[in-house]
Number of protein chains: 2
Amino acid sequence: MNDILHRIRAGSLMEGQQLPPERLLAAELGVARNTLRRALSHLEQEGHLVRRVGAGTFVRVTGKHNGGTLPSRMRGASPAELMEVRLIMEPQAAAVAASRASADDLKAIESALTSSLTASSLGEFEHWDGQLHLMVFRATRNSLLIDYCQAINSIRNEPEWYALKKRSVTEELCRVYDRQHSAMVNAIRDRDPDRARQAMAQHLGTVRDNLMGVL
Amino acid sequence: MNDILHRIRAGSLMEGQQLPPERLLAAELGVARNTLRRALSHLEQEGHLVRRVGAGTFVRVTGKHNGGTLPSRMRGASPAELMEVRLIMEPQAAAVAASRASADDLKAIESALTSSLTASSLGEFEHWDGQLHLMVFRATRNSLLIDYCQAINSIRNEPEWYALKKRSVTEELCRVYDRQHSAMVNAIRDRDPDRARQAMAQHLGTVRDNLMGVL
DNA sequence: GATCAATGGTTCAACATTGGTTCAATCTCA
DNA sequence: TGAGATTGAACCAATGTTGAACCATTGATC
């Protein structure tokens with residue numbers, strides 16, 4: 001019984017979604033329908049499920065994790081979680097961009113880099129930093145990756161993230177970021193995915209270390 | 001019902017554009033007009049559609065592209081885009097899981113593997129395949145990564161992805177996946193992030209190659 | 001403005017699918 | 001061996017889907 005409960009929970013879908021029909025789910029789990037029903041009954045009593053005769057069995061909508069937008073999800077995550085995801089995604093995106101960017105993409109990337117190199121305030125630097133990352137993601141031509149980057153950029157402009165950045169950034173650090181950005185852009189221009197990946201990983205590693213240093 | 005909603009959304013036009021007449025759209029979707037109307041009514045209530053008697057049904061003009069949920073974003077992406085993102089995220093998640101999984105996490109992973117190894121139907125295999133991936137992501141303890149995997153799992157249960165999978169999968173291929181899964185789980189159990197990353201990358205490479213082979 | 005075709009809106013009855021209940025047989029384990 | 005758990009099957013109640021007919025409104029044409 002505990003085994004069945006565990007396996008049903010493990011198969012939990014997102015809120016509001018429908019479980020397979022009992023007869024089908026029982027077959028999938030390799031148990032009798034009565035046995036499954038007993039376990040479902042427990043889950044219903046615990047409040048995880050809603051069961052409607054003639055309609056089906058659904059994961060209860062609590063409104064807590066209601067499948068919000070990507071930015072809202074990011075807001076609910078910790079800085080460490082977000083940086084971890086960035087470190088997973090952004091080096092790979094840079095590598096993809098190195099092999100996939102068009103001439104126009106390269107122009108957009110170089111233009112954003114130039115603007116960030118000449119930025120005269122943190123706000124301006126932040127803006128072009130964000131644009132540079134977005135242009136790299138645009139060059140991947142993968143809509144999901146672009147969505148991700150846009151979500152990051154929308155978060156970074158919010159007061160609490162901006163304040164966090166402000167506390168961790170120095171003039172010298174911007175110069176470090178500039179050099180890291182340049183290395184990454186050079187690698188993309190040279191169509192070298194490995195170098196692009198490494199350069200972006202190094203850059204984000206530095207960003208993370210500095211952010212974590214002020215938390 | 002969810003299936004119909006999904007298929008209507010998949011055929012979604014640009015803002016302001018008109019959907020086909022109900023009688024035609026119902027025939028295209030292979031459902032009764034009443035059933036279609038019920039789904040359209042939901043979409044109207046959600047504010048996505050505007051319906052005018054004698055004129056037709058239109059996509060609402062919102063003037064803004066607000067961010068959708070992660071699953072809805074994934075639905076709008078191509079299989080190639082989604083597989084590319086999976087290939088970026090899942091090997092890294094396996095590596096993180098290798099160093100971060102608790103004893104209970106390992107049990108859950110092993111349990112899902114065992115169930116997938118003994119699965120006697122594609123449906124059962126698919127179910128446990130999804131669970132295995134989710135347990136690995138749960139072991140990362142990163143809420144954004146877990147969100148991502150849940151979104152993938154909710155998409156994979158949808159009819160068109162299921163149909164795509166069904167066309168690409170063979171008994172022999174399930175055996176290949178079993179071996180790849182086992183290698184990945186062994187690496188996680190051995191706390192070897194590099195091996196875990198490689199094993200998951202290999203697995204997903206095989207998945208992608210087979211999916212792309214039927215498109 | 002009148003007419004007609006096309007569109008969404010409503011209602012009805014029949015059938016299909018879903019969860020709910022009950023019963024008897026079989027299995028498991030102390 | 002006996003108690004409890006699990007199983008398979010049959011039947012019931014509730015909901016969803018279907019096909020068809022009819023109604024009200026809109027848009028195009030003359």
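Quick note on labels: first sequence line is chain A, next is B, and so on, each numbered from 1.
Between the CG atom of B:Leu25 and the P atom of C:dT7 there is a distance of 12 Å, given to the nearest Å. Residue A:His42 contributes atom NE2, which lies 11 Å from atom P of D:dT6 at whole-angstrom precision. In this structure, A:Leu36 places its CG atom 17 Å from P of D:dA5, rounding to the nearest Å. Note: CD (A:Gln18) to C1' (D:dT15) measures 12 Å, nearest angstrom. For the pair B:Leu40 CG and D:dG16 P, the interatomic distance rounds to 17 Å; values are reported in whole Å. In this structure, CG of B:Leu19 is placed 16 Å from C1' of C:dA6, rounded to the nearest angstrom. The CG-P distance, from B:Leu24 to C:dT7, rounds to 8 Å in whole Å. When rounded to the nearest whole Å, the span between CZ of A:Arg38 and C1' of D:dT7 equals 13 Å.
Taking A:Arg23 as the reference, nothing meets the salt bridge (Lys or Arg N to Asp or Glu O under 4.0 Å) condition, with sequence neighbours excluded. Here B:Glu22 pairs with B:Arg33, B:Arg37, B:Arg51 under the salt bridge (Lys or Arg N to Asp or Glu O under 4.0 Å) rule; sequence neighbours left out.
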Run the numbers on B:Ser182 and B:Leu117 for side-chain contact (heavy atoms from CB on, under 4.5 Å), then give the verdict. CA-CA 9 Å; B:Ser182 296; B:Leu117 292 177; 4.1 Å; yes

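Remark: the B:Gln180 side chain and the B:Thr206 side chain contain an N/O donor-acceptor pair separated by less than 3.5 Å.
Between A:Arg141 and A:Asp105 a salt bridge is recorded (basic side-chain N to carboxylate O distance below 4.0 Å).
Nearest-nucleotide positions on DNA chain C place B:Arg51 closer to the 5' end than the other of B:Arg51 and A:Gly56.
Ring planes of A:His133 and A:His203: tilted class, angle from 30 to 60°.
Proximity of A:Tyr148 to A:Val85: side-chain heavy atoms (C-beta onward) are separated by under 4.5 Å at one or more points.
The phosphate of C:dG8 (OP1 or OP2) has a side-chain N or O of B:Thr57 nearer than 4.0 angstrom. The shortest distance between the side-chain N/O atoms of A:Arg37 and the OP1/OP2 oxygens of C:dG19 is not below 4.0 Å.
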Nucleic acid footprint by protein, nucleotides 21-30 of chain D - heavy-atom cut-off 4.0 Å, B for base, S for sugar-phosphate alone: BB-BBBS---

